[in-house]
Amino acid sequence: MKIRASKAGCAPDLNPAEAFMESTFPGCVQREKHYNTLQYKIASSSLARIFQMVLANKDQLNIEDYSVSQTTLDQVFVNFAKQQSREDEAIVLHPKAAGAQQGGQGTPVKRLRK
């Protein structure tokens, strides 16, 4: 969403639009916030409902422009890969799993890296 200032020469007030998003789409996640721009990820709502709610409140919230799009397969894959990478970095192998023998000899505990 691109928010216009209510008065020329003033900074746009993003608070009403943020409050609207949080109350209308519970669980939405704000992805970006810049001078006059907000971007959200809405997990569970139909595109029709999103368009309907934003259009009905467009003037009241000073929304100059907005767009709605579904997550692409590429974005799903990239997000999945990021999540897997974070999980792999947090895994620490037990000494026996890393090939250690009982007397403390063998391979020390290692972190997995891809």
Side-chain angles (χ1 to χ4, degrees):
M1 288 182 209
K2 185 176 177 183
I3 310 297
R4 69 176 168 270
S6 56
K7 295 179 184 176
C10 296
D13 183 10
L14 303 180
N15 292 327
E18 290 175 304
F20 164 79
M21 290 300 293
E22 291 172 11
S23 65
T24 307
F25 305 105
C28 69
V29 177
Q30 189 177 77
R31 291 289 186 118
E32 291 184 35
K33 179 179 180 179
H34 298 290
Y35 173 72
N36 67 341
T37 306
L38 298 170
Q39 182 181 19
Y40 286 89
K41 177 183 177 186
I42 302 172
S44 60
S45 192
S46 71
L47 290 176
R49 180 170 184 271
I50 296 169
F51 276 112
Q52 178 186 21
M53 298 304 295
V54 172
L55 188 58
N57 293 280
K58 185 177 176 183
D59 293 332
Q60 176 184 336
L61 298 172
N62 291 324
I63 297 172
E64 182 178 328
D65 190 27
Y66 69 97
S67 67
V68 179
S69 63
Q70 291 180 307
T71 305
T72 65
L73 189 55
D74 184 51
Q75 290 169 323
V76 170
F77 177 76
V78 168
N79 289 335
F80 179 74
K82 285 180 185 176
Q83 180 182 356
Q84 288 298 111
S85 177
R86 285 190 297 254
E87 288 175 3
D88 288 348
E89 289 175 3
I91 295 174
V92 177
L93 294 176
H94 186 274
K96 288 185 180 179
Q101 298 173 0
Q102 282 190 327
Q105 300 170 334
T107 308
V109 176
K110 294 182 179 180
R111 288 186 168 266
L112 291 177
R113 299 259 183 217
K114 288 191 176 192

Visitor: Quick one: does I3's side chain get under 4.5 Å of I63's, heavy atoms only?
Guide: yes
Visitor: Under the rule for salt bridge (Lys or Arg N to Asp or Glu O under 4.0 Å), what residues qualify as partners of K2, not counting sequence neighbours?
Guide: E64
Visitor: Please report the closest heavy-atom contact between A5 and C10, naming both atoms and the distance.
Guide: CB-O, 3.0 Å
Visitor: Side-chain contact, heavy-atom cut-off 4.5 Å: L14 with K33?
Guide: yes
Visitor: Could you check if a side-chain atom of E32 sits within less than 4.5 angstrom of a side-chain atom of T37, using non-hydrogen atoms only?
Guide: no
Visitor: Taking all non-hydrogen atoms of both residues, which atom of C28 and which atom of M21 are closest, and how far apart?
Guide: SG-O, 3.5 Å
Visitor: Taking all non-hydrogen atoms of both residues into account, name the closest pair between M53 and F20 and its distance.
Guide: O-CZ, 3.6 Å
Visitor: So which of N62, L61, D65 actually passes side chain to side chain contact (heavy atoms under 4.5 Å, CB included) with R4?
Guide: N62
Visitor: For Q30, which residues count as a side chain to side chain donor-acceptor pair (under 3.5 Å) partner, sequence neighbours excluded?
Guide: E18, Y40
Visitor: Could you pull out all residues at least two apart from Q60 that satisfy side chain to side chain donor-acceptor pair (under 3.5 Å)?
Guide: none
Visitor: Would you name the heavy atoms of Y35 and A11 that are closest together and state the gap between them?
Guide: OH-CA, 3.5 Å
Visitor: Could you see if I50 belongs to whatever hydrophobic cluster contains V29? Use Ile, Leu, Val, Met, Phe, Trp, Tyr and a side-chain cutoff under 4.5 Å.
Guide: no
